[in-house]
Amino acid sequence: MTNNYEENILKGVRESSYSLDSSIELLQKDVVQLHAPRYQSMRRDVIGCTQEMDFILWPRNDIEKVVCLLFSKWKGTDGEPFRPVQAKFEFHHGDYEKQFLHLLSRKDKAGLIVNNPTQSIFLFINRQHLQTPKTKAIIFKLCSVCLYLPQDQLTHWGVGTIEDHLRPYMPD
């Protein structure tokens, strides 16, 4: 593994965020980690460019789940389109909200990580304090996403184009 992600996963075990057994299994797989600290909207109705991830995940009740779609192709096939990888990357609001409630008692402001139950998506979170004249609130902002899957699944392609797979998430 690169950087300090293995260290961060084991730190989560020490802090009882997830079990040692599931973490060891995760660390022993021949896996690919795909880190995305920036994003660009693929919606045609949103004008913009690639930017840092920086949006509030909690507290809010208008997000049902975080969904990541992954597309790949063989290296050197420049004229070929990307194809959808048959892997599910979903993180439901209730699952990450439970972890955020656990993180409220922690003092760390950056380097916080939450993961979905299948440990296929890890959200890197920053905690911030917002203060208005009347109230003080803690918010959790998404700063990076890590998708985690066995290397052999990168070529388990499904059918359809990128547009086909994005259509259900686009406004009418």
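What you are looking at is a predicted structure, and each value in this text was computed from that prediction instead of being measured.
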**OP:** Please assess Leu130 against Thr135 for the test side-chain contact (heavy atoms from CB on, under 4.5 Å), listing each intermediate value before the final yes or no.
**Re:** CA-CA 8 Å; Leu130 282 182; Thr135 62; over 6 Å; no
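Looking at heavy atoms from C-beta onward, Pro81 lies out of side-chain contact with Thr161 at the 4.5 angstrom threshold. Inter-residue side-chain proximity for Val145 and Phe124 is flagged as unmet; no heavy-atom pair is nearer than 4.5 Å. The shortest side-chain heavy-atom distance between Phe100 and Ile125 falls under the 4.5 Å cut-off. You'll find the side chain of Ile139 reaches within 4.5 Å of the side chain of Pro59, heavy atoms only. No side-chain heavy atom of Val114 sits less than 4.5 Å from a side-chain heavy atom of Leu57. Between Lys136 and Gln131, the closest side-chain pair of non-hydrogen atoms falls below 4.5 Å. Using a 4.5 Å heavy-atom threshold, the side chains of Trp157 and Ser72 count as touching. Using a 4.5 Å heavy-atom threshold, the side chains of Tyr96 and Leu103 count as separate.
Within the 3.5 Å criterion, the main-chain N or O of Glu80 finds a donor-acceptor partner in the side chain of Lys73. Checked by atom type and distance alone, the side chain of His92 never pairs as donor or acceptor with a backbone atom of Asn116 at under 3.5 Å. Gln99 places a side-chain N or O within 3.5 Å of a backbone atom of Asn115 that can act as its donor or acceptor partner. A donor-acceptor contact shorter than 3.5 Å is absent between the side chain of Arg127 and the backbone of Leu112.
Minimum heavy-atom separation, Ile63 to His93: O-CB, 3.3 Å. Summarising the geometry of Arg60 relative to Asp62, their closest heavy-atom pair is NE-OD1, 2.7 Å, with the distance given to 0.1 Å. Pro84 approaches His165 most closely through the heavy-atom pair CG-NE2, 3.3 Å.
Side-chain atoms of Thr155 and Trp74 include no donor-acceptor pair closer than 3.5 Å.
Under a hydrophobic clustering in which Ile, Leu, Val, Met, Phe, Trp and Tyr are joined whenever their side-chain heavy atoms come within less than 4.5 Å, directly or via other members, Ile56 and Phe91 fall into different clusters. Cluster membership check: Leu166 shares its hydrophobic cluster with Phe82, using side-chain heavy-atom separations under 4.5 Å among Ile, Leu, Val, Met, Phe, Trp and Tyr. Hydrophobic clustering (side-chain heavy atoms under 4.5 Å, transitive across Ile, Leu, Val, Met, Phe, Trp, Tyr) groups Leu101 together with Leu123. A single hydrophobic cluster is seen to contain both Ile162 and Leu69, as judged by linkage of ILVMFWY side chains at heavy-atom distances under 4.5 Å, directly or through other members.
Distance check, rounded to the nearest 0.5 Å: CZ of Phe122 to OG of Ser144 gives 12.5 Å. Rounded to the nearest 0.5 angstrom, Lys65 NZ and Glu90 CD are separated by 4.0 Å. The distance from atom CD of Glu97 to atom NE2 of His102, rounded to the nearest 0.5 Å, is 15.0 Å.
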